[in-house]
Amino acid sequence: MNITNDLEAIRSTEEKNVTEKGTLYLVGTPIGNLADISERAKKVLSEVDFVAAEDTRESGRLLSFCGIKKPMISYFEHNKHERGGYIAQRLLGGESCALITDAGMPAISDPGEDIVRLCAEKGVRVCIVPGPCAAVCALAVSGLPTSKFIFEGFLPVGKRERGAALSELKDQTRTIIFYEAPHKLLRTLDDLYEAFGNRKISLCRELTKLNEEVIRTTLSGAREYYKERSPRGEYVLIMEGASLDELKSRAFWADMSVSEHVEYYVSQGNSKNDAIKAAAHDRGVAKSEIYNQVMIK
Ligand code: SAM
């Protein structure tokens, strides 16, 4: 152990913990359980000049739970353009601001994204005070592969945009994360089933709250389940990605024999060797396997 290095590390953390002027703090807040607020979040919220909140009444409850009194202004979807400019002006004037949203990590599927972009354009410092994010919490508890994933957030509501978003995901092999509101859950489960077939899905509901529930099932199982009950609370849907078998069944060469597959690449101007290599790559097998089959013929 090197004591000088340790002291240095502690000092630099302390420096990071000084709330600075002219800075926007993106403060992660609980996704339901108020006890999940971090010590650093409380410190920053109590030290900044003002708090910008998506819903000042909702966030007022959080601040009073933490014993913090602070001037608050609203910053939400329908005032974000005018209000974003106003907040940036105050930051440029030397004040500090903490941005909090209704729940979780600001800027993830909420208007926080726009003010971060604006501050970056205007050269205002933006600091992160991490907290829970519903997407990551749900992924972790889903029981589905977590090493590679993509975040879709809310699917578009319009039929055409939704269809386009779903068809873009068809060949995606990574685990897919969606946010959904309870009154739209059934339609979304139907649309997912229609687009992807009977994939595995974990429905993560009311995480960290009294009625926390994780249902690990399939799309048809989920549709059955919600035929009997009304969806309630907030949901994150974690759906498995396409399997290799599924991708293979949709590939242009799915109905070709191995030799036809190789011949196809030859007809595209490739050498026999490159054609064997390409077919092996498509099928996810060793080149020697294709070579043996083609040469035996
Ligand atoms: N920025 C937040 C985050 O990433 O944690 C999400 C904001 S988004 C407007 C709200 C959506 O997050 C909800 O509709 C729901 O899909 C998800 N969500 C938030 N809290 C949740 C909870 N406790 N359990 C399950 N899903 C939740």
Side-chain angles (χ1 to χ4, degrees), residues 24-38 40-41 44-45 51-59 61-62 65 74-80 83-84 98-117 126-144 146 149-157 162 165 169 175-189 191-192 201-217 222 225-226 229-239:
L24 175 72
Y25 287 89
L26 284 188
V27 180
T29 59
I31 57 170
N33 191 326
L34 293 183
D36 288 334
I37 185 95
S38 75
R40 184 161 170 241
V44 169
L45 286 167
V51 172
E54 201 175 357
D55 177 340
T56 49
R57 262 203 296 176
E58 180 80 27
S59 296
R61 276 196 283 277
L62 174 70
F65 170 81
S74 66
Y75 174 80
F76 52 83
E77 190 58 34
H78 300 293
N79 74 358
K80 67 183 182 187
R83 208 33 84 80
L99 176 75
I100 53 181
T101 47
D102 287 352
M105 208 54 235
I108 306 300
S109 282
D110 64 38
E113 176 184 351
D114 297 76
I115 196 164
V116 174
R117 189 181 326 109
V126 182
C127 271
I128 186 82
V129 181
C133 172
V136 174
C137 294
L139 176 71
V141 81
S142 69
L144 290 170
T146 59
F149 59 90
I150 62 162
F151 176 66
E152 271 298 300
F154 294 100
L155 280 168
V157 178
R162 177 174 276 235
L169 291 171
T175 301
I176 307 171
I177 307 176
F178 301 100
Y179 281 165
E180 196 47 285
H183 61 286
K184 296 187 188 147
L185 182 73
L186 290 178
R187 176 189 169 200
T188 294
L189 290 176
D191 290 347
L192 294 179
I201 186 162
S202 296
L203 299 101
C204 306
R205 182 175 88 87
E206 296 286 86
L207 295 178
T208 77
K209 301 184 197 175
L210 201 60
N211 296 318
E212 173 170 322
E213 182 180 36
V214 180
I215 303 168
R216 300 180 184 89
T217 180
Y225 185 84
Y226 282 109
R229 312 165 175 77
S230 323
R232 290 229 173 102
E234 303 200 83
Y235 286 83
V236 182
L237 309 178
I238 310 287
M239 188 182 75

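Heavy atoms only: backbone and side chains are in, while hydrogens, waters and symmetry mates are out. Atoms within each ligand, like the ligands themselves, are counted from 1 in listed order.
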Quiz item: Got a sec, which residues hit side chain to side chain contact (heavy atoms under 4.5 Å, CB included) with F178, two or more places apart in sequence or on another chain?
Solution: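 For F178, the residues satisfying side chain to side chain contact (heavy atoms under 4.5 Å, CB included) (neighbours in sequence not counted) are E152, L155, L169, I176, L192, L237, M239.
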
Self-check item: Under the side chain to side chain contact (heavy atoms under 4.5 Å, CB included) test, residues paired with F76 that sit two or more places apart
Solution: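 Result, side chain to side chain contact (heavy atoms under 4.5 Å, CB included) vs F76: E54, S74, H78, N79.
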
Quiz item: Which atoms form the tightest heavy-atom contact between V214 and C204, and what is the distance?
Solution: CG1-SG, 4.1 Å

Quiz prompt | Atom of G112, atom of L99 and distance for their closest heavy-atom approach | solution =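 Nearest heavy atoms, G112 then L99: CA-CD2, 3.7 Å.
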
Quiz item: Counting only N and O atoms by type, is there a donor-acceptor contact under 3.5 Å from the side chain of R117 to the main-chain atoms of E113?
Solution: no

Self-check item: Amino acids contacting ligand 1, non-hydrogen cut-off under 4.0 Å
Solution: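 Answer by chain and number: I31, A103, G104, M105, I108, S109, D110, C133, A134, F154, Y179, E180, C204, E206, L207, K209, E234, Y235, V236.
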
Donor-acceptor list for residues 24-37 side chains, cut-off 3.5 Å, not counting sequence neighbours:
from, atom 1, to, atom 2, distance (Å)
Y25, OH, E20, N, 2.8
N33, OD1, A35, N, 3.1
N33, ND2, T208, O, 3.3

